K.L.:
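Starting off with a structure, shown below.
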Amino acid sequence: MLRTMFKKTYTLIDTKYKGQPKQEPSIPKGLWRKCRMCGQTVYGEDVKNNFYICPKCGGYFRVHAYRRIELVADAGTFEEWNQEMEFVNPLNFPEYEEKAAAAREKTRLNEAVVTGRCRINGEETALGVCDARFLMSSMGHIVGEKITRMVERATREKLPVVLFACSGGARMQEGCVSLMQMAKTSGALKRHHESGQLFVSVLTDPTTGGVTASFAMLGDVILAEPGALIGFAGPRVIQQTIGQKLPEGFQRAEFLLEHGFIDKIVSREEMKEVLGKILEMHHGQEDKTRQFLDRFGGNRVDDGRCAEEEAYRWAKAEPNTSGEMEKHRCPEAKTESSRKGREKAWDHVLLSRKSDRLTALDYIETIFDDFIEFHGDRFYGDDGAIVGGIARFYGIPVTVIGQQKGKNTKDNIKRNFGMPLPEGYRKALRLMKQAEDFGRPVICFVDTPGAFCGIEAEERGQGEAIARNLFQLSDLKVPVLSIIIGEGGSGGALAMAVANEVWMLEHAVYSVLSPEGFASILWKDSKKADQASEVMKMTAQDLLELHIIDDVIPELLPACEDVKEEIGEEIRNRLFKFLIKYENMTEEEITAQRYERFRNI
């Protein structure tokens, strides 16, 4: 249609001005946009309707502050704070005032950040958005002051903070005054954190320098847009300093995810939905738990229905149907295991290692709602052998963590065959401590042959990482449940099993070492692994009798896809009672119970 329009325009020009020089048609400013990724010119309206993403290559256009607010805030809910602040030139830097005035004229902004309050999918939050058009969103006194005031007000009013970072770093024209904003904003966020409020940092292109080294990397949850440049020193500076060519994708969001520094990469189209879920899961944990306990604290509701059934309908806001009554029946209605005889221990070992055995992610998907996976240990990397994040269980936000094996060769390589590295244990501990900060119960799924043993694991402190988990888990102030779903190998399993209760699936195993390793050490013959498994007392029934574990979950068939729903239901019903029991306890009672549990072994 546009081509036809331009063709007609040229025809009219030729007819009216025949014999005279042709003149270019007038195209309204902003009608077309040039993508900085692919270099192609695209229709501006198409860009706007596509969340400011190039419809040809998928490249992200940088978004102005108020446009960003339109994308994430519920319509009509944004109330701006500290819109106008007086310009300062603390060093009397030449021509600084003129540059700032020109930026204000061009952007119609008072400074490089817009702050205020809004709702995101109905969840109230303080919101800050940096704008790269204003002196590359460098952080001077006013930027630091606006962010600090926003965080302080959010602390007073008990609001979470969502902050979209974008910056070239510290503002050079303000020297050390700019540097001090790093400390000021970080200090305000520390107080906000200590007050129990959530901070979500969203890293956009580019986030560098002093902003990266302060508020941008301090989020309880750190998200990033795809392909965003994120780093302390810029890539050109690094390359000039070390004289080496940088690897492809260096300092991009995907690079940071791989190296453990961000929780999740979120596309612009999904950003509002993801932020809304994260905010909702962190809002009013005590109120949700109290409401749950007030309604379902007993075993049965008034009309005699199973409390689990009623909780399911309440959490889902779905009507009562006979189908749901059957699907979510009481644990008492389930049949016991049909196993007639007691298998040999080695049979359990082989079943626990089967390639089609259900994994942690299978159970998470079956038992919980709205799982959002978080990544990284914030120190070194993201270990695929450990998965974790937040989810809902009957409406209650919980933290779920699992040791994850693969289901094929490619997946097993990605998951390191379920053998965690130090960064995996540090990721798990980070998520557990985050759960403690926000009062969420922790549910762990244990399934590992053991912690990975190798040069890189030792270099990065495998022993220290496991020891740190045992140390911190011993007095975590929220309920912790660990379920051994497959192999429970040595300290690698124990690092996620210092819990108030430890359960095992019927065909899972839990031991100080693999039977092969045990036989090699004691009998100098790994082929005697089957004999070793008998004397090691590593089956669920053995460990229940030794009071090492607290419950055995029956497997009518060995845990596989065919019985995923049935086993998931069994765990769900038991977990329901676990939460009622421990959520009625104080923090002191929870930590004392866990200590005494291990003290008495």
Side-chain angles (χ1 to χ4, degrees), residues 28-33 35-36 42-54 59-87 100-140 142-151 153-154 159-168 200-207 211 215-216 223-225 228 266-276 279:
K29 185 178 180 181
L31 185 63
W32 298 93
R33 300 282 297 272
C35 176
R36 62 188 179 88
V42 290
Y43 187 42
E45 195 64 23
D46 289 343
V47 174
K48 180 179 178 182
N49 293 335
N50 197 38
F51 296 89
Y52 299 93
I53 302 171
C54 176
Y60 276 43
F61 286 83
R62 290 177 182 171
V63 179
H64 302 174
Y66 289 113
R67 288 177 182 170
R68 177 81 68 181
I69 292 167
E70 288 176 3
L71 291 175
V72 300
D74 296 348
T77 65
F78 182 70
E79 168 199 331
E80 189 164 354
W81 295 343
N82 303 303
Q83 183 173 13
E84 297 296 327
M85 295 187 68
E86 186 178 351
F87 174 78
R104 285 195 294 272
E105 178 69 22
K106 178 183 176 181
T107 64
R108 298 181 183 178
L109 295 173
N110 173 255
E111 250 295 350
V113 66
V114 175
T115 62
R117 177 209 303 261
C118 72
R119 288 190 179 90
I120 299 178
N121 279 1
E123 295 297 321
E124 194 167 16
T125 183
L127 177 66
V129 182
C130 296
D131 195 317
R133 295 175 302 157
F134 198 108
L135 300 180
M136 269 311 296
S137 194
S138 53
M139 184 164 63
I142 297 177
V143 170
E145 186 66 20
K146 289 186 77 169
I147 290 173
T148 300
R149 290 187 186 185
M150 174 189 69
V151 174
R153 182 167 175 178
L159 291 174
V161 169
V162 175
L163 185 48
F164 284 83
C166 174
S167 179
V200 181
S201 179
V202 186
L203 312 180
T204 70
D205 186 67
T207 302
V211 167
F215 66 82
L223 309 178
E225 286 193 328
V266 182
S267 67
R268 195 171 283 168
E269 307 99 311
E270 298 175 332
M271 185 63 74
K272 180 176 181 178
E273 184 68 23
V274 171
L275 285 172
L279 290 170

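No experiment lies behind these values; they were computed from the predicted model shown.
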K.L.:
Apply side chain to side chain contact (heavy atoms under 4.5 Å, CB included) to Glu270 and list each qualifying residue two or more places apart in sequence or on a separate chain.
P.N.:
Val266, Ser267, Val274
K.L.:
Scan the side chains in residues 120-130 for donor-acceptor partners under 3.5 Å anywhere in the protein, sequence neighbours excluded, and list what turns up.
P.N.:
{"unit_1": "Asn121", "atom_1": "ND2", "unit_2": "Glu273", "atom_2": "OE1", "d": "3.3"}
{"unit_1": "Glu124", "atom_1": "OE2", "unit_2": "Arg117", "atom_2": "NH1", "d": "2.8"}
{"unit_1": "Thr125", "atom_1": "OG1", "unit_2": "Pro160", "atom_2": "O", "d": "3.1"}

K.L.:
Side chains of Val162 and Phe164: closer than 4.5 Å at any heavy-atom pair?
P.N.:
yes
K.L.:
So among Val113, Val161, Ile142, Val211, which one has a side-chain contact (heavy atoms from CB on, under 4.5 Å) with Ile147?
P.N.:
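For Ile147, the side-chain contact (heavy atoms from CB on, under 4.5 Å) test succeeds with only one of Val113, Val161, Ile142, Val211, which is Val113.
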K.L.:
Just verifying a value: how many Å separate Arg104 CZ and Glu84 CD, rounded to the nearest 0.5 Å?
P.N.:
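Those atoms lie 9.0 Å apart.
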K.L.:
Using the test salt bridge (Lys or Arg N to Asp or Glu O under 4.0 Å), find all partners of Lys146 that sit at least two apart in sequence or belong to another chain.
P.N.:
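Counting only residues at least two positions away or on another chain, Lys146 forms no salt bridge (Lys or Arg N to Asp or Glu O under 4.0 Å).
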K.L.:
Identify, with sequence neighbours excluded, every residue that meets salt bridge (Lys or Arg N to Asp or Glu O under 4.0 Å) alongside Arg268.
P.N.:
Glu225
K.L.:
For Arg62, enumerate each residue passing the salt bridge (Lys or Arg N to Asp or Glu O under 4.0 Å) test, keeping only those at least two apart in sequence or located in another chain.
P.N.:
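So Arg62 forms a salt bridge (Lys or Arg N to Asp or Glu O under 4.0 Å) with Asp205.
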K.L.:
Run the side-chain hydrogen bond (donor to acceptor under 3.5 Å, both in side chains) test against Gln83 and tell me which residues pass, sequence neighbours left out.
P.N.:
none
K.L.:
Is Phe61 close to Val42 at the side-chain level, that is, under 4.5 Å between some pair of heavy atoms?
P.N.:
yes
K.L.:
Could you pull out all residues at least two apart from Ala112 that satisfy side chain to side chain contact (heavy atoms under 4.5 Å, CB included)?
P.N.:
Phe134, Ser137, Val143, Arg171
K.L.:
Tell me every residue that passes side chain to side chain contact (heavy atoms under 4.5 Å, CB included) with Arg108, counting only those two or more places apart in sequence or in another chain.
P.N.:
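Scan of Arg108 (side chain to side chain contact (heavy atoms under 4.5 Å, CB included), adjacent residues dropped) gives none.
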K.L.:
Applying salt bridge (Lys or Arg N to Asp or Glu O under 4.0 Å), name anything that partners Arg133, two or more places apart in sequence or on another chain.
P.N.:
Asp131
K.L.:
With sequence neighbours left out, write down each residue that passes side-chain hydrogen bond (donor to acceptor under 3.5 Å, both in side chains) with Glu86, or none if nothing qualifies.
P.N.:
none
K.L.:
Applying side-chain hydrogen bond (donor to acceptor under 3.5 Å, both in side chains), name anything that partners Tyr60, two or more places apart in sequence or on another chain.
P.N.:
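With sequence neighbours excluded, Tyr60 shows a side-chain hydrogen bond (donor to acceptor under 3.5 Å, both in side chains) to no residue whatsoever.
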K.L.:
Determine, for Trp81 and Arg153, whether the Lys NZ or Arg CZ falls below 6.0 Å from the six-membered ring centre while staying within 45 degrees of the axis.
P.N.:
yes
K.L.:
List for me each residue that meets side-chain hydrogen bond (donor to acceptor under 3.5 Å, both in side chains) alongside Asp74, sequence neighbours excluded, and say none if there are none.
P.N.:
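With neighbours one apart ignored, the set is Lys272.
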